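None of these values were measured; they are calculated from a predicted model. Throughout, a chain's letter reflects where its sequence line sits, starting with A, and its residues are numbered from 1.
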Amino acid sequence: MHRYRTHTCGELRKENIDEAVRISGWVHSVRDHGGIIFIDLRDHYGLTQIVIDPSQPFHKGVEHWRAESTICFTGKVVARIPEAVNPKLATGEIEIVAEEMEMLGEAKVLPFQVAKEEECNETLRLEYRFLDLRRESLHNNIILRSKVIARIRELMVAEGFMEMQTPILTSSSPEGARDYLVPSRVHPGKFYALPQAPQQFKQLLMTSGFDRYFQIAPCFRDEDARADRSPGEFYQLDMEMAFATQDDVFEVNEHVLHKIFTEFSDKQVDDIPFKRLPFKEVMEKYGTDKPDLRNPLIMQDATELFRDCDFKAFAGVVDSGGVVKTIAAKGCAGKSRKFFDDMVKFAQSVGSKGLGYLRWNDGEIQSPIAKFLSEETLGQLKELGGVGDGDVMFFIADKLKPTTEIGAAVRDELGKRLGLIDPDVFKFCWIVDFPMYELDDDGKVEFSHNPFSMPQGGMDDLLNKDPLEILAFQYDIVCNGTELSSGAVRNHNPELMIKAFGIAGYDESVVETKFPALHRAFQYGAPPHAGIAPGIDRIIMLLADEPNIREVISFPMNQKAQDLLMNAPGHVEHHQLRDLHLKVHLPKKVEKEIEDQSEPEGGTTD
RNA sequence: GGGGGUGUAGCUCAAUUGGUUAGAGCGCCAGCCUGUCACGCUGGAGGUUGCGAGUUCGAGUCUCGUCACUCUCGCCA
């Protein structure tokens with residue numbers, strides 16, 4: 001018989017009755033009836049009920065066994081009497097009558113309960129992550145993650161991709177997020193950087209003649225956390241294809257994502273091909289480049305209808321170059337006064353001066369602004385929104401940018417409050433035709449996304465078009481309002497690349513020094529190539545229906561990028577710093593904190 | 001760095017307008033119980049209300065400061 005188990009805790013069935021077995025696992029619960037004692041023993045695979053008869057010599061100590069201790073039981077599988085069958089358990093038709101038991105690992109009193117799915121303080125969960133990971137929902141999320149990644153690998157290989165590794169210790173990339181730096185021992189004063197993405201390496205692999213590359217790639221960025229953004233590190237399904245167009249990338253991703261989302265969720269997934277929406281259009285309709293298409297509401301422009309109207313607040317905005325946007329919401333005119341007041345408050349909370357609305361309710365217009373509008377204007381608005389009795393139109397007026405942002409927030413909020421968002425579907429779309437350039441805060445032309453993207457009109461556009469009009473072969477894939485990834489057809493032509501950088505104010509030497517590898521590689525016959533890198537953590541979040549990314553990561557950091565279990569980041573020994581030629585120069589505040597902390601220990605002696 | 005939220009027993013939460021000795025469930029400890037499966041029953045221990053000031057006859061509650069966590073803006077080519 002195996003030292004620890006002949007079966008797992010999820011395995012035994014009626015067919016095993018009368019077998020002598022041994023199983024090991026964690027004490028999930030103890031039910032002590034004075035005489036007979038029941039124990040639910042749990043492992044990765046399931047729960048099995050152990051029965052301990054008073055005649056057993058180890059019966060006495062059982063009442064002191066704590067939940068979450070690990071124990072090995074040897075005994076016989078028996079059928080439960082019909083009334084005692086537990087249909088909620090896969091193993092519910094049998095139980096094991098224990099004949100021998102061995103305590104493998106005793107548990108102290110728990111900081112929180114494992115057998116119960118109860119909300120629990122985040123700090124405590126992270127400090128005791130190994131316990132947290134035993135809890136059913138988190139455990140299942142991590143299992144889901146493993147299965148999804150395994151399936152992604154299968155599907156990518158089936159699509160003709162090769163998984164390849166790229167360096168973790170590499171050079172700092174000059175643009176983008178803050179890097180994590182690793183000091184070099186051999187080269188005093190020099191640093192490696194952890195890759196923000198394997199971007200340049202995968203492009204180099206394409207110039208090296210590999211045709212389809214992918215990698216479940218760790219990426220490191222020293223930026224602040226969000227609910228859907230883990231600080232420090234995350235994983236991407238990084239991929240790149242040679243001699244490929246934008247459509248080729250879309251096709252592969254549609255195959256893979258559609259299969260993954262269909263196979264690992266019961267929600268209804270959009271048919272492929274997914275919708276393709278130009279950036280300009282989504283900004284106008286949804287106010288964001290990651291629209292949640294489950295929400296049917298759209299924004300429409302009503303600027304001209306308010307020009308010179310008697311509603312001075314809006315007319316004034318239009319006069320000074322602003323815009324008026326409207327969102328038509330069908331069938332909600334009967335909502336309470338409080339609903340509309342709350343929506344106004346909400347709009348104000350996201351930076352709006354107010355929120356206008358027209359309610360066509362029971363044949364009359366209820367609205368704070370209707371009295372300022374002519375019959376004709378009201379008619380035109382009705383037509384614009386396609387509304388009638390029982391419907392409402394909301395209005396936001398401001399400069400274009402704030403109007404767009406407020407409109408997006410109001411659209412989201414209305415979608416939620418009116419229950420318009422179907423929780424049981426996955427709505428995908430590609431956002432295409434991103435602009436190549438935009439103006440930065442100082443009014444200077446800057447790359448709006450990836451500087452390596454191919455301009456759609458090639459050299460012709462770069463030479464002849466207003467930079468702000470140039471579109472790039474740059475795209476995003478969005479699901480239910482979550483941006484899964486950006487991607488692009490890359491600019492593989494050195495001349496085009498230099499020209500593209502030139503428009504943003506960088507001369508060739510900048511390209512050469514900042515991106516020496518690509519600059520060199522593209523001069524020796526680079527293939528046209530394109531790629532994308534969907535975020536693994538976000539895919540799992542969507543599949544697991546988790547609002548927070550920590551729920552799909554085994555050992556996440558907290559919001560301040562600390563690992564509370566491993567105590568990272570931590571202080572290091574002086575000799576380590578010396579080896580690395582480093583001296584730390586701390587902010588005064590931190591220096592004082594360290595002094596204050598060390599004083600009680602170092603300052604007094606008994 | 002800015003804004004919002006939270007902080008009360010080991011855990012999850014309650015505590016009327018500022019008013020008696022700060023409560024409950026789970027967990028923990030002790031006892032009872034031979035068919036439960038969130039077992040049940042009885043009893044018990046457990047609190048610097050994050051921390052520090054202030055207002056007040058009186059503060060878990062109000063004010064200020066501070067710390068921690070979290071959400072968010074900035075940031076994330």
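Note on A/S448: every side-chain N or O is 4.0 Å or more away from OP1 and OP2 of B/A77. Between A/N558 and B/C69, a side-chain N or O to OP1/OP2 separation shorter than 4.0 Å is present. For A/R178, no side-chain nitrogen or oxygen approaches OP1 or OP2 of B/G74 to under 4.0 Å. Considering only side-chain N and O atoms, A/K560 lies under 4.0 angstrom from the phosphate OP1 or OP2 of B/C69. A/R31 has no side-chain polar atom (N or O) that falls below the 4.0 Å cut-off from OP1 or OP2 of B/U36. Under 4.0 angstrom from either OP1 or OP2 of B/C71 there lies at least one side-chain N or O belonging to A/N548. One finds a side-chain N or O of A/R226 lying less than 4.0 angstrom from the OP1 or OP2 phosphate oxygen of B/C73. Considering only side-chain N and O atoms, A/R550 lies under 4.0 angstrom from the phosphate OP1 or OP2 of B/C71. A sub-4.0 Å separation between OP1 or OP2 of B/C71 and a side-chain N or O of A/Q559 is present.
No hydrogens or angles were tested; on distance alone, a donor-acceptor pair under 3.5 Å links the side chain of A/E95 to the base of B/G35. Looking at A/R229, its side chain comes within 3.5 Å of the base of B/C76 through a donor and an acceptor atom. For B/U36, the base has a donor-acceptor partner in the side chain of A/Q49 [N/O atoms by modelled type, under 3.5 angstrom].
One P atom belongs to B/A38, the other to B/C11, and the distance between them is 25 Å to the nearest Å. With both ends at atom P, the span from B/G43 to B/U61 equals 33 Å, rounded to whole Å. The separation of B/A15 from B/G60, taken at their C1' atoms, amounts to 8 Å, rounded to a whole angstrom. Rounded to a whole angstrom, the distance from the P atom of B/A45 to that of B/G10 is 15 Å. Distance noted for atom P between B/U12 and B/G7: 11 Å (whole Å). Taking atom P in both B/C28 and B/U20, the straight-line distance is 33 Å, to the nearest Å.
In this structure, the aromatic ring of A/F38 is positioned over the six-membered ring of the base of B/U36, centres within 5.5 Å and planes within 30°.
Pair assignment for B/A24: B/U12, on the basis of Watson-Crick or G-U wobble contacts that are both within less than 3.5 Å. Pair check for B/G7 finds B/C67; Watson-Crick or G-U wobble, both atom distances under 3.5 Å. In this structure, B/C41 and B/G31 make a Watson-Crick or G-U wobble pair, each of the two defining distances being under 3.5 angstrom. Pairing for B/G58 is absent, judged as Watson-Crick or G-U wobble with the two contacts each under 3.5 Å.
Counting any heavy atom pair closer than 4.0 Å across all strands shown, A/N121 reaches sugar-phosphate atoms only and no base atom. When heavy atoms are screened at a 4.0 angstrom cut-off, A/S486 is found touching no nucleic acid atom at all. Nucleic acid contact for A/L124: sugar-phosphate only, since backbone atoms but no base atoms lie under 4.0 Å from a heavy atom of the residue. Residue A/E83 is classed as having no contact, given no heavy-atom separation below 4.0 Å to the nucleic acid. Backbone-only engagement by A/Q562 is indicated by non-hydrogen atom pairs under 4.0 Å involving sugar-phosphate atoms exclusively. Residue contacts for A/A227: at a heavy-atom cut-off of 4.0 Å it reaches the sugar-phosphate backbone alone, with no base atom in range.
Side-chain contact annotation: A/D292 with A/Y286, donor-acceptor N/O pair under 3.5 Å absent.
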### Task
Could you check A/F501 against A/F515 for ring-ring contact (aromatic ring centres under 6.0 Å, His included), going step by step and ending with a plain yes or no?
CA-CA 12 Å; A/F501 272 82; A/F515 309 103; 5.7 Å; yes
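Nearest-nucleotide assignment on RNA chain B puts the 5′-proximal partner with A/T123, out of A/A197 and A/T123. Position along RNA chain B of the nearest nucleotide to A/D40 versus A/L110 favours A/L110 as the more 5'-ward residue.
Taking a cutoff of 4.0 Å between a charged side-chain nitrogen and a carboxylate oxygen, A/D228 and A/R538 qualify as a salt bridge. The pair A/D398-A/K353 meets the salt-bridge criterion, since a charged nitrogen lies less than 4.0 angstrom from a carboxylate oxygen. Remark: A/R490 engages A/E240 in a salt bridge, criterion side-chain N to carboxylate O under 4.0 Å.
Taking the six-membered ring wherever Trp is involved, the centroid distance between the rings of A/F452 and A/F522 does not fall below 6.0 Å.
Residues A/G46 and A/C9 come closest through the heavy atom pair O-CB, 3.2 Å.
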